[in-house]
2 protein chains.
Amino acid sequence: MRAHDVIVTKRDGGRLTDEQIDWFISTYAGTDEIADEQAAALIMAIFLNGLEPDELTHWTGAMIDSGDRLDLSAISRPTVDKHSTGGVGDKISLIVVPLLAACGAAVPQLSGRGLGHTGGTLDKMEAIPGWRSEMSLEQMHQQLDTIGGVIAGASASLAPADRKLYALRDVTATVESIPLIASSIMSKKIAEGTRALALDVKVGSGAFMPDVASADELARTMVRLGEAHGVSTSALVTRMDGLLGATAGNALEVAEALDVLTGGGPADVVELSIALAEEMARLAGLDVDVAATLASGAAMDSFAAMVAAQGGDLSAGLPVAAHIRHVTATEPGFVHGINARRVGVAAWLLGAGRARKEDPVSPTAGVVALVRPGDEVEAGQPVLAMHADHESRFERAERELAGSVTIGAGSVEAAPMVIETVP
Amino acid sequence: MRAHDVIVTKRDGGRLTDEQIDWFISTYAGTDEIADEQAAALIMAIFLNGLEPDELTHWTGAMIDSGDRLDLSAISRPTVDKHSTGGVGDKISLIVVPLLAACGAAVPQLSGRGLGHTGGTLDKMEAIPGWRSEMSLEQMHQQLDTIGGVIAGASASLAPADRKLYALRDVTATVESIPLIASSIMSKKIAEGTRALALDVKVGSGAFMPDVASADELARTMVRLGEAHGVSTSALVTRMDGLLGATAGNALEVAEALDVLTGGGPADVVELSIALAEEMARLAGLDVDVAATLASGAAMDSFAAMVAAQGGDLSAGLPVAAHIRHVTATEPGFVHGINARRVGVAAWLLGAGRARKEDPVSPTAGVVALVRPGDEVEAGQPVLAMHADHESRFERAERELAGSVTIGAGSVEAAPMVIETVP
């Protein structure tokens, strides 16, 4: 088989054969026989000409088959996981993983680190003193069986084709393609071995998907792929018009998750966590009252057990930044919104994120919103707090945050977080 | 400027700005800042989304500006060149360059070597003992002024962006795009410094362009590009349903060109040579009788002078192959056609072409058609002759040639070579 002929097929709008897909993905992932420029040409052709539903199913299967698919069938609890398309301030995994564990499920949340202005779940957890993301497969099985929740780094052996294709898509402007996004997300999640999966597809000005129609299409595509590969899958299309919760930054988000796990926390984070956890429980076949489990403190106990099992020490407290500086309202009125992207970029400038994969991140840096949409503010009132290890970080972050809190006349009411459930 | 943003513009069907084009072409040709996979993604997006006419004009200009543009304004004769989209057995340059020189023009034919089953003009000329393709710019000027014709290797300094882009297109299945073909051909020809240019766009079963509509579009696109960059340009769309002339192979084609220059040769080669030469003479503003100049032997004298000026010795005779083997007709009837592609591949298998750029070619290997379309043949009659330096070459070539001469009932008449003239 020749890469040239595979490219021609898709370039001319045809359907790739199963053999072409298997050969291309396995050869690109496993050898140097296909040049990056050939893969780039194919991916751009897929971006522009699409993949048929059954073609995408096979493509995703080939990505899974490029590595290992974990076998969690020996776990005594029903397995279920969640995935979010991500957004600034998304600390939902830190809440729903222990919450589902407390409900009796096993949640194998294999996650990654952040790059750019959206944080990674592992970076957040690593703000907890002593916590380690690495664990053996045997440890993972044992922790899933006993505690029920694992947050760990995804092994390089899961869907290695995705790692190579994602890096390629990033530099070739082929990220924003529904079939390519769906196969990237689902190949990793299916390879993880979970039997059920709830997806959080965010839509709005703070999200990757700009409109409900695209979010709905992505959600339906991923649900179909999950079901086609034997994973009970559903998706919530959720609102992301601003910062999720009140924090962006590693330790700051852990603290907010702990607030929710102990009965407090911002209303939007609580609402989304419960909605997603209820969907996960339903998919796992668990007949439980999720909100009551959260209110009982059992989810907090599970989180503490998960952290301790991975070397973390919550009693040591979370690290705090050496310097805090406020951003104030420039006019009186009602808070209409908090721009998630700007807050994310500011948190990144303050040290919470990395520009290159090998950079370290600050556990303490970030941004805290001191007000919520709907709050009335006076001119000069502090509305955001910047946290940093060095005062030199403040200047650029402050410039990024200028105008990020929109203030207008008349109060606003929060809209429901869940726009639709798919299917 | 970032490669990513340039790719996004074209991916989303937009027009690249002049600044984006200038930056992308100059940076890709001159630095390592743009990765091959990024250029591949852009080229596939151009393949699928096209280039607007003025966008293509600027793109071609940027390719010219990636290197030198020769200044031939000091030449006393009017400059004119020709380009053909190429085909098996195309030895027309060897005839029209000296013919136009004999008519009073200066023809700076900068050419390349062949790869795969179509031969290169330099490979053909190098079958002449002693002939060298290398010459200094000063030599070239002098030869153009005195003799009027030069066939030489194109300097690496002419449109270097095309060299890099062509190699990329070859492996990424993005060769067959009219704007990309047109900019590739025209950037090199315009950089050559000629004031006028006649194009031969071949169409038919033996040509790169499969149908008249595509050939016409390519012809119009190239004519527009030439005129936009100050070169008087026209194009002939010509028939290429089978082997052009009776030979494919280096010395064999030189011998056929010498036949035409001395008043003989196959009718199709003569017809096409005169049509193209008349177009070149018209573009160069020369009021001459091209056919009479050919018949007078003046073109042959010019060819001899061109060869001698570049170290060649025609009196030494052309090299001939050590072994000749015939392919015979399998049935009686009339020759309806000779498959150009199969003859080209057979000539290549016999040693006339190269598989990799660095391979040598045999000057003597090739295929001679012993019959022409319309001829009546008997079963067992020799119809093709294979020429090779080693008998071991014959077996695969013979398999390739099986069925390449189609024989049917009733004679066929040759159609006119020129289908249309553009504009």
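Just so it is clear: chains get the letters A, B, ... in the order the sequence lines come, proteins before strands, and each one is counted from 1.
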- Note on the structure: If you tally heavy-atom pairs under 4.5 Å between each of B:Ala35, B:Ala45, B:Gly13, B:Ala39 and chain A, the highest tally belongs to B:Ala45
- Residues in side chain to side chain contact (heavy atoms under 4.5 Å, CB included) contact with B:Ala340, at least two apart in sequence or another chain: B:Val88, B:Met240
- Item | Contacts of A:Ala347 that satisfy side chain to side chain contact (heavy atoms under 4.5 Å, CB included) - sequence neighbours left out | A:Ala248, A:Ala352, A:Val367
- Task: For chain A, find which of B:Leu42, B:Val8, B:Leu48 contributes the most heavy-atom pairs closer than 4.5 angstrom.
- Result: B:Leu48
Are there any donor-acceptor pairs closer than 3.5 angstrom between chain A and chain B, and if so, which ones?
{"unit_1": "A:Arg11", "atom_1": "NH1", "unit_2": "B:Ala173", "atom_2": "O", "d": "2.7"}
{"unit_1": "A:Arg11", "atom_1": "NH1", "unit_2": "B:Glu176", "atom_2": "OE1", "d": "3.1"}
{"unit_1": "A:Gln38", "atom_1": "NE2", "unit_2": "B:Val171", "atom_2": "O", "d": "2.9"}
{"unit_1": "A:Val171", "atom_1": "O", "unit_2": "B:Gln38", "atom_2": "NE2", "d": "2.9"}
{"unit_1": "A:Ala173", "atom_1": "O", "unit_2": "B:Arg11", "atom_2": "NH1", "d": "2.7"}
{"unit_1": "A:Glu176", "atom_1": "OE1", "unit_2": "B:Arg11", "atom_2": "NH1", "d": "3.1"}

- Between B:Phe24 and B:Leu16, is any pair of side-chain heavy atoms under 4.5 Å apart? no
- Find out whether A:Ile43 and B:Met44 are in side-chain contact, i.e. whether some heavy atom of one side chain is under 4.5 Å from a heavy atom of the other. no
- In short, B:Val237 meets B:Ala215 closest at the heavy-atom pair CG1-CB, 3.9 Å
- Task: Heavy-atom distances under 4.5 Å only: say whether B:Ala3 touches chain A with side chain, backbone, both or neither.
- Result: neither
- Query: Can you tell if the side chain of B:Met222 reaches within under 4.5 Å of the side chain of B:Val422, non-hydrogen atoms only?
  - Reply: no
- Message: Within the 4.5 Å heavy-atom criterion, are B:Ile181 and B:Phe208 side-chain neighbours or not?
- Response: yes
